[in-house]
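Written below as structure tokens is the structure these notes are about.
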Amino acid sequence: MTETHYQGKLHHLQKELMSEYYAALTASANGSGVPAAYLLIGGNPVELLRAFDILPVFPEVNALQLAVRKQSLPFIQSAEFMGYSSDNCAYVKADIGMYFGGRQTPFATIPEPSLLLCNYVGCNVYLDWFGHLAEFTGQSAFQLDIPFIRTASGKPSKEDIAYVLRQLHHLIGRCEEITGRKLDEEKLREAVRLSSLTGDLWAKIKHLTKRTPAPYDAYFDSVTMMAPLYCLRGTPQGLEFFETAYAELLAKAEAGVGPLEKERFRYVIEGPPPWPHLRAFRDMFSRWDAVAVASTYSTVGGLWEFGFTHDPDHPLESIARHLLEWNLTNRNFLQRYEQIERYLEEWNANALIIHSVKSCRLFSAGQGDMREYFTKRGVPTLLVESDLEDPRYFSEAQMRNRIDAFFESIAHRPTREGVTA
Amino acid sequence: MSTQTLSPTIESLVERCDRFIEEPGFAPAVAWKNAAPNRAAIGCFPVYTPAEVFYASGVLPVGLAGGGNRMEIAHADSRFQSFICSIIKSTLEQGMTGLLDDLDGVVFHSICDPARNLASVYSRNFPNTPVEYIHFPQNFEAEEAPRYLRDEYERVALFAAELSGRSMTTEDLRAAIRIYNRVRDTIRRLYALRRDSPHLLRTRELYPLVRVGHLLPPEEHAELLADALHAAATREGRERDRIRVVLTGSFCEQPPLDLIAAIEDAGCYLVDDDFLIGRRWFTGDVPENTGDPLLALAEAYLDASLPSPVKHDMRVSPARLLVERARSHRADAVIVLCAKFCEPSLFAYPTYRKTLQEAGIPHLFLEFEEKMWMFDRIKGEIETFVESLLFD
Ligand code: SF4
Ligand code: SF4
């Protein structure tokens with residue numbers, strides 16, 4: 001059995017930068033005067049906030065941090081006590097529980113929002129979540145309505161783009177009111193330029209796992225890079241992080257080193273991770289020398305590896321395109337099948353794992369159909385269920401048995417390319 | 001006098017509606033399609049569909065209301081997990097067992113994540129069935145939202161024209177708005193009558209009268225409703241000792257008819273509800289004679305429609321609107337009746353609860369599933385609740 005040890009420079013830098021970020025949140029909560037905006041991960045338009053020096057706060061990132069530290073349950077329970085259902089998304093419950101718990105977390109004090117920016121990018125729960133925050137904080141939320149990808153072209157229409165652009169102009173107006181400053185166009189361009197460089201590096205990092213062995217795990221290690229991708233994108237620190245990460249991972253790739261001693265299975269994974277049990281879940285794959293070479297989850301905030309890049313010459317247009325088209329959450333379910341199909345082919349994977357989480361129906365609703373689709377195409381596919389936030393839905397022994405049985409069954413079976421794994 | 005004895009009674013109308021509803025398939029739509037060339041029928045997933053846009057294009061919008069409690073789910077539950085509401089699975093099951101074969105297409109809307117993913121799953125499983133998806137705007141304050149929605153409707157009209165082989169004219173659209181206005185206006189009157197005299201029109205009667213509009217062409221439905229309004233208004237009855245209740249939460253998946261009856265039998269007059277709210281949707285008539293009737297429809301959606309948890313109009317607090325509704329309906333209590341696993345309705349509940357408690361309005365929270373067929377427990381719960389109010 002191979003254990004996962006990998007803790008490179010990028011992990012340390014991530015820790016350092018994220019603690020600085022959380023320190024800034026705490027300072028804002030304690031009256032530093034820097035306004036904070038809550039926004040959602042889906043296709044997040046963080047560049048616009050940078051142009052106004054508004055601190056981005058992602059309630060989803062806070063919720064997952066609570067889960068990773070095994071602190072989410074009491075908050076979830078206090079929200080359920082308020083009337084939230086056991087069937088509601090637990091990110092929302094953890095966040096609302098935390099909000100009413102004085103916004104105190106082990107990693108930061110979360111500031112009150114100066115702006116509730118509900119970037120409605122696919123997930124309908126976003127609307128409920130920010131609607132409630134608006135109700136509880138007495139703030140009005142800015143609804144940034146992003147039309148879903150719903151036509152055969154798989155692209156937004158020109159009407160959709162025009163509609164989003166108009167709203168972005170209103171959003172700028174709102175930010176101007178909050179900060180008392182006019183939009184500095186140069187500053188916006190600079191944030192978008194930093195984002196575009198960051199996105200390019202992230203895309204290159206993603207493509208590194210096409211190599212054998214993959215130099216890192218595209219699920220369990222990608223999540224380390226996702227927090228900086230949202231919380232720090234559009235800043236020099238964010239860019240520096242991705243430069244470091246790329247250099248380090250490229251060196252590993254060149255040296256033929258992967259996260260495991262041996263790479264036996266290459267799989268694609270769909271769905272968010274079980275944050276409260278991340279380590280246990282990871283080990284279930286490591287013990288089979290199985291590495292994730294691509295993950296859909298790492299594209300919720302943006303899908304860069306298929307060619308998107310922010311354009312500093314057209315900052316607002318590229319923010320609009322990012323929101324509309326270049327992220328997983330605003331794409332339809334069948335586009336996700338295509339995305340997975342591409343990963344299987346181009347990243348040369350031989351299995352698909354679907355982690356179906358109860359909280360997030362944006363991801364999970366219909367994954368049985370997805371399993372059916374890929375199984376019929378000859379892709380060994382396993383669907384396992386738990387949750388991304390609520391620790392009560394993880395049954396470790398059962399999960400391990402299913403994963404063991406799955407790898408056992410494909411161990412000697414020819415892959416699609418006719419090669420035995 | 002003689003005309004009165006000839007006009008149908010509520011009982012006979014309701015019986016007719018019940019028969020339509022119980023019968024599987026879409027016989028009235030098929031008959032309507034066969035009566036003239038260039039006609040088609042489309043299945044509309046809840047909650048609200050711009051029926052006029054379809055009807056004006058020669059497409060009869062037929063309402064999908066799940067599988068009821070007689071359908072067994074044999075195939076669809078392998079596609080959608082146990083924590084997904086029933087109507088998602090029963091709709092797919094209907095497709096898989098050929099029950100939707102008489103329809104020429106299906107339309108879904110941006111009401112929740114499961115319904116949205118179902119649109120994809122449906123189109124994959126039935127590659128020969130055209131599937132449309134409407135994204136309703138969720139920024140009610142943006143001045144560009146009506147224009148966006150208008151363009152969205154225009155896109156839908158092109159889709160509808162492909163189904164029927166006939167494009168709508170502005171006049172067609174005006175006529176469609178006119179007939180659906182008539183339907184909605186009569187439903188509103190029936191709702192007002194029930195609010196004022198709930199002993200004259202039970203909800204177990206009003207509900208099928210509205211629900212049959214899922215199946216019938218609007219002209220036929222309008223006539224039936226007009227008959228019902230006349231019959232209810234001239235009915236005689238005595239008010240009983242029941243509590244007046246506003247019911248909310250059942251706007252998409254529908255409870256079994258017997259559950260509605262059970263709630264009433266437990267001692268409630270339901271004086272308002274949000275069952276099938278998409279059939280009423282607007283607070284008044286949509287303007288018929290504007291230069292751009294598509295825009296008029298879009299504006300009405302944004303500015304003159306009833307509250308619903310699938311619409312996030314941040315200009316108003318849904319919980320406060322519920323309190324106002326309870327007050328204006330002189331309700332003694334509110335019942336929040338949510339479909340099990342229905343995210344939008346379950347999410348609405350905590351704010352309802354807080355605001356109702358603050359306003360001193362008693363409420364009861366219940367969950368149902370369309371496949372339920374035993375009601376003793378839920379009825380017992382309601383009886384206890386009613387008693388606590390009557391004898392408090
Ligand atoms: S449903 Fe999914 S995408 Fe939506 S808030 Fe919850 S975890 Fe995030
Ligand atoms: S019942 Fe609720 S969750 Fe189910 S499809 Fe309807 S709105 Fe969505």
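The model shown is predicted, which means the values in this text are computed figures rather than measured ones. Each chain gets a letter, A, B and so on, in the order the sequences are listed, and its residues count up from 1. Computation of the quantities below employed the complete heavy-atom set of this structure, encompassing side-chain atoms and omitting hydrogens, waters and symmetry-equivalent molecules.
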Given heavy-atom pairs under 4.5 angstrom as the criterion, report whether the side chain, backbone, both or neither of [X] touches chain B.
X        : answer
A/Gln167 : both
A/Ile146 : backbone
A/Gln335 : neither
A/Ser157 : neither
A/Tyr126 : neither
A/Ser364 : both

For the candidates [options], which exhibits the highest count of non-hydrogen atom pairs separated by less than 4.5 Å from chain A?
options                                : result
B/Ser110, B/Pro318, B/Ala76, B/Pro137  : B/Pro137
B/Glu367, B/Lys340, B/Glu141, B/Glu143 : B/Glu143
B/Phe140, B/Phe136, B/Phe341           : B/Phe341

Distance, nearest 0.5 Å, that separates OH of A/Tyr91 from OG of A/Ser359
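It comes to 8.5 Å.
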Are more than 12 heavy atoms from other residues, nucleotides or ligands located less than 6.0 Å from atom [atom1] of [X]?
X        : atom1 : answer
B/Arg315 : CZ    : yes
A/Arg371 : CZ    : yes
A/Gln398 : CD    : no
B/Glu162 : CD    : no

According to the interplanar angle, ranging from 0 to 90°, do the rings of B/Phe126 and B/Tyr122 count as parallel (below 30°), tilted (30 to 60°) or perpendicular (above 60°)?
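Taking B/Tyr122 first and then B/Phe126, their aromatic rings sit tilted (interplane angle of 30° to 60°).
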Please verify the inter-ring angle class for B/Phe159 with B/Phe54; under 30° counts as parallel, over 60° as perpendicular, anything in between as tilted.
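Rings of B/Phe159 and B/Phe54: perpendicular, as their planes differ by over 60°.
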If you tally heavy-atom pairs under 4.5 Å against chain B, which of [options] wins?
options                      : answer
A/Val125, A/Thr151, A/Leu144 : A/Val125
A/Leu362, A/Leu334, A/Asn88  : A/Asn88
A/Met370, A/Arg336, A/Met82  : A/Met82

Which atoms of [X] are under 4.5 Å from chain A, going by heavy atoms: the side chain, the backbone, both sets, or neither?
X        : result
B/Asp77  : neither
B/Ile111 : backbone
B/Lys89  : neither

Is the distance between the ring centroids of B/His312 and B/Phe347 under 6.0 Å?
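That pair fails the under 6.0 Å test.
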Would you say the ring centroid of B/His135 lies under 6.0 angstrom from that of A/Tyr120?
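They qualify: ring centres under 6.0 Å apart.
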Any side-chain heavy atom of [X] within less than 4.5 Å of one from [Y]?
X        : Y        : result
A/Leu323 : A/Asn330 : no
B/Leu99  : B/Met71  : yes
B/Met372 : B/Ile378 : yes

Identify the heavy atoms of A/Asp128 and B/Pro344 that sit nearest to each other, and give their distance.
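In terms of heavy atoms, the two residues are closest at OD2-CA, 4.5 Å.
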Looking only at heavy atoms, which two atoms of B/Ser123 and B/Val131 are closest? And how far apart?
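For B/Ser123 versus B/Val131, the nearest heavy atoms are CB-CG2, 3.7 Å.
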Please determine if B/Arg116 forms a cation-pi arrangement with A/Phe148, meaning its NZ or CZ atom is less than 6.0 Å from the six-membered ring centre and no more than 45° off the ring axis.
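Yes, B/Arg116 lies over the aromatic ring of A/Phe148.
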Identified ring pair (Phe, Tyr, Trp, His ring centres under 6.0 Å) partner of A/Phe136 from the options A/Trp129, A/Tyr99, A/Phe100, A/Phe130
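Among A/Trp129, A/Tyr99, A/Phe100, A/Phe130, the one meeting ring pair (Phe, Tyr, Trp, His ring centres under 6.0 Å) with A/Phe136 is A/Phe100.
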Proximity of residues 78-85 of chain B to chain A, residues having a non-hydrogen atom under 4.5 angstrom
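Within residues 78-85 of chain B, the residues that come under 4.5 Å of chain A (heavy atoms only) are B/Ser78, B/Arg79, B/Phe80, B/Gln81, B/Phe83, B/Ile84.
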Applying a criterion of heavy atom separation less than 4.5 Å, what residues of residues 144-155 of chain B form contacts with chain A?
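When heavy atoms of chain A are the reference, residues 144-155 of chain B contributes B/Glu144, B/Ala145, B/Tyr148, B/Asp151, B/Glu152, B/Arg155 within the under-4.5 Å range.
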Any chance you could lay out the side chain to side chain donor-acceptor pair (under 3.5 Å) test for A/Ser356 and A/Glu385, step after step, and finish with the verdict?
CA-CA 5 Å; A/Ser356 172; A/Glu385 283 186 25; 4.6 Å; no
